[in-house]
Protein chains: 2
Amino acid sequence: MTVSITDVARAAGVSASTVSRALRGRPGVSDEVRAQIAAVAAELGYTASRSASSLASGRTYTIGVVAPYIGRWFFGTVLDAAEQILSAAGYDVLLYNLGSPEARKRFFTKLPVRKRVDAVLSLLIPDPEETDALLSLGVPLATTVGGARDGFVVVGIDDRAGAESAVRHLVNLGHRRIGMISGASGPLHWTTPIDRRQAYLDVLADAGIPHDPALEADGGYTVEGGEQAMTELLAGSRPPTAVFAQSDEMAMGALRALRRHRLRVPDDVSVVGFDDHELAEVIGLTTVAQPVAGQGAEAARLLLRRLDEPDAELPGHVQMPIRLVLRETTAPPSPRGPQ
Amino acid sequence: MTVSITDVARAAGVSASTVSRALRGRPGVSDEVRAQIAAVAAELGYTASRSASSLASGRTYTIGVVAPYIGRWFFGTVLDAAEQILSAAGYDVLLYNLGSPEARKRFFTKLPVRKRVDAVLSLLIPDPEETDALLSLGVPLATTVGGARDGFVVVGIDDRAGAESAVRHLVNLGHRRIGMISGASGPLHWTTPIDRRQAYLDVLADAGIPHDPALEADGGYTVEGGEQAMTELLAGSRPPTAVFAQSDEMAMGALRALRRHRLRVPDDVSVVGFDDHELAEVIGLTTVAQPVAGQGAEAARLLLRRLDEPDAELPGHVQMPIRLVLRETTAPPSPRGPQ
DNA sequence: AATCTGAACGCAAACGCTTGCGCAACAACG
DNA sequence: CGTTGTTGCGCAAGCGTTTGCGTTCAGATT
């Protein structure tokens, strides 16, 4: 059988309570006894049962992370970084992958994290009901996606500023027919596509360029969607000479579509993305870099602080820096235009 | 406060044991009482405390997944698929990200999964000591990487056959100077690079092509490594006309190096990868496809079966199908050769 | 010398569930 | 009508910790 705390207590000639206090660094144990107990515990290979300890103490030392598709680069990277911080602090990570509607529904109705986690990091945008469910857990909450929400500490970026720098870059290069591939069909309450679009409109207006709805297409934040969207844009009567894709994945899809149409990048069409995907550099994609791993780490750190000192005043909203990374997919428009 | 099983019992006018049996579908409860209890539980929003239930029953309904870098596509995809299967079966997933040596050491010495999980899925190659640590947990183990190991159910692919098909494809196209970018510097006990290299040697021998050590380079299974390796190969006196990269990520690095050298793919140099990375299609990379998500799902399923019927005879080793996917990075050698 | 003080430790009661066992009540049997 | 099974349910003993409180005892204080 596995060794329990009473085994250690017996072997060390003390009571179980003393073992518990000694091993967790609680006061009320003399240094020599503490050392003795530590030695015995190590020799016996004792590890406290988490179930028992969290049942007794109410603390679980576990943090739940809910995410859509962890397979996608963005979420995987955030998760990766968050996990490192959390596990270094002695917390375990319970992962819930809510890609499918069924999984999502199951999670929010059964709420398996109830009484199982000390905090939750959400990488998805909960609708109002789901938000209530999370709040009902009564534990600290954090998110790295979407805008401010009550009860959550959210770490994110300035989507407006990021999109502005991307579009302005195209304008400065001399482009005037600038298309956008967005992700309008995402979940509600997700402000990112809206903010980025607004920045796009603002920059155009600022440059005195009239807005042409035919230059907007929905790419659904996927590679395939980006490819379709670009194809749509190219089918128009006056296709764009430059495109701002709201994510690198959509930008990659756009690049693929352009290649299929035998258009050269950036000679015929410029493309700028958003995210700085790990492969953006490989492809040479000009993009707006955001610290994805940094956001996961920061969110994790904020949760930990909140657990350590529950009533400390913490910022409810943290903005991480962004920057435009110039690579090889943007250039001044060709004098002849595309086609 | 949160509602406990006794609250439900009181509200339903029965004992706690009956509630427990009713809610978990155990026999010994009449249908009407069971329905009554279910209704009351639903109304009160009751969810059993996992800590308490696993303390009492010994079952945790939790499965540990250990992985290096979940940020990388391969691991993220396997994890994603495995999580879906497991959570659909009512299991939670505890994630351990063991990318850094410290995290890895911490995990295997403290072994935080002890008494916390019913099974472990390992996406990394444990060394002998680590293997012992895992075995000492006394729970079913599975892995999707590396070759057969005692005590593990391993689901994988036929690395030899996969690499053979890739190299043979290049030979059939007429190439005779075929390079390889491998990952020799990986962890010990990892047979994949060895198997794939052996296949490379076999096919060359079979085709009567002498082996030239100058055509092999180490890419460490990363994009950057692949780029460096390709650069090395191009620096040789007689560079290859085709390259087999042991992973798509290395192949992408190689493509980048080739672009930097102003060499065209596939006109000047052909490249074939391994994995069928999600972006391989976007890039048009010819590669050996393996069912990555499929392997994660299959491993999860096998673990579940083992938990359901502990002494059923299960296959210790499952081979998943592979296939060569022809895209746009391979072609017959140019009559003039590269440079 | 009598009293007071901490520090160090043990006792025992939770924490919320599971499960073996016992005990009714009732049906079916000879 | 007594006996033997079944079925449905409650009792109570755990599961392995944590923690408030009580006890002991050495040393400091009157």
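Excluded from the calculations below are hydrogen atoms, water molecules and symmetry mates; all remaining heavy atoms, backbone and side chain alike, are included.
The only option from His317(B), Arg305(B), Arg306(B) that meets the side-chain contact (heavy atoms from CB on, under 4.5 Å) definition with Val153(B) turns out to be Arg306(B).
Applying the 4.0 Å criterion to OP1 and OP2 of dC9(D), one finds that Arg21(B) has every side-chain N and O outside that range. For the pair Ser20(B) and dT18(C), the criterion of a side-chain N or O lying under 4.0 Å from OP1 or OP2 is met. In this structure, Ser57(A) does not reach the dT18(D) phosphate: none of its side-chain N or O atoms is under 4.0 Å from OP1 or OP2. Regarding contacts with the backbone of dG10(D), a side-chain N or O of Thr18(B) is found under 4.0 angstrom from either OP1 or OP2. A sub-4.0 Å separation between OP1 or OP2 of dT17(D) and a side-chain N or O of Ser53(A) is absent. Put simply, Ser54(B) has no side-chain N or O that comes within less than 4.0 Å of OP1 or OP2 on dC15(D). Not one side-chain nitrogen or oxygen of Lys115(A) sits closer than 4.0 Å to the OP1 or OP2 atom of dC15(C). Proximity of Arg34(B) to the phosphate of dG8(D): no side-chain N or O atom is located under 4.0 Å from OP1 or OP2. Residue Tyr46(A) places at least one side-chain N or O closer than 4.0 Å to OP1 or OP2 of dT17(D). At dG16(D), none of the side-chain N or O atoms of Ser51(A) fall inside 4.0 Å of OP1 or OP2 (strictly under the cut-off).
Remark: P of dC9(D) and CZ of Arg24(B) are 16 Å apart, rounded to the nearest angstrom. Here dA8(C) presents its P atom at 16 Å from CD of Gln36(A), a figure rounded to the nearest Å. Spacing between atom CG of Leu55(A) and atom P of dA13(C) amounts to 17 Å, rounded to whole angstrom units. Here dT18(D) presents its P atom at 11 Å from CZ of Arg50(A), a figure rounded to the nearest Å.
Figure legend: cation-pi geometry between Arg72(A) and Tyr69(A), with NZ or CZ positioned under 6.0 Å from the six-membered ring centre and within 45° of its axis.
The 5' end of DNA chain C is approached more closely, in terms of each residue's nearest nucleotide, by Gly13(A) than by the other of Ala48(B) and Gly13(A). In terms of position along DNA chain C, the nucleotide closest to Gly28(A) lies nearer the 5' end than the nucleotide closest to the other residue of the pair Gly28(A) and Val19(B).
Inter-residue side-chain proximity for Phe152(A) and Leu134(A) is flagged as met; some heavy-atom pair is nearer than 4.5 Å. Asp118(B) places none of its side-chain heavy atoms less than 4.5 Å from the side chain of Val139(B).
Thr62(A) and Asp92(A) are not linked by any side-chain donor-acceptor pair at a separation below 3.5 angstrom, with hydrogens and angles left out of the test. Inspection of the Ser20(A) and Ser17(A) side chains reveals no N or O donor paired with an N or O acceptor under 3.5 Å.
Sequence neighbours left out, not one pair with a member in residues 7-39 of chain B passes ring-ring contact (aromatic ring centres under 6.0 Å, His included).
With hydrogens and angles left out, the side chain of Ser17(A) and the base of dC11(C) share a donor-acceptor pair within 3.5 Å.
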Please tabulate, one pair per line, all N/O donor-acceptor pairs under 3.5 Å involving side-chain atoms of residues 38-49 of chain A, not counting sequence neighbours.
residue	atom	partner	partner atom	Å
Thr47(A)	OG1	Arg114(B)	NH1	3.4
Ser49(A)	OG	Ser51(A)	N	3.4
Ser49(A)	OG	Ala52(A)	N	3.1

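Two end axes, each from the C1' atoms of five base pairs, can be drawn for the helix from dA1(C)-dT30(D) to dG30(C)-dC1(D); they diverge by 50°, to 10 degrees.
Picking from dG16(C), dT18(C), dT18(D) the nucleotide with the shortest atom distance to the side chain of Ile5(A) gives dT18(D). Out of dC15(D), dC15(C), dT19(D), the shortest distance to the side chain of Ala56(A) is found at dC15(C).
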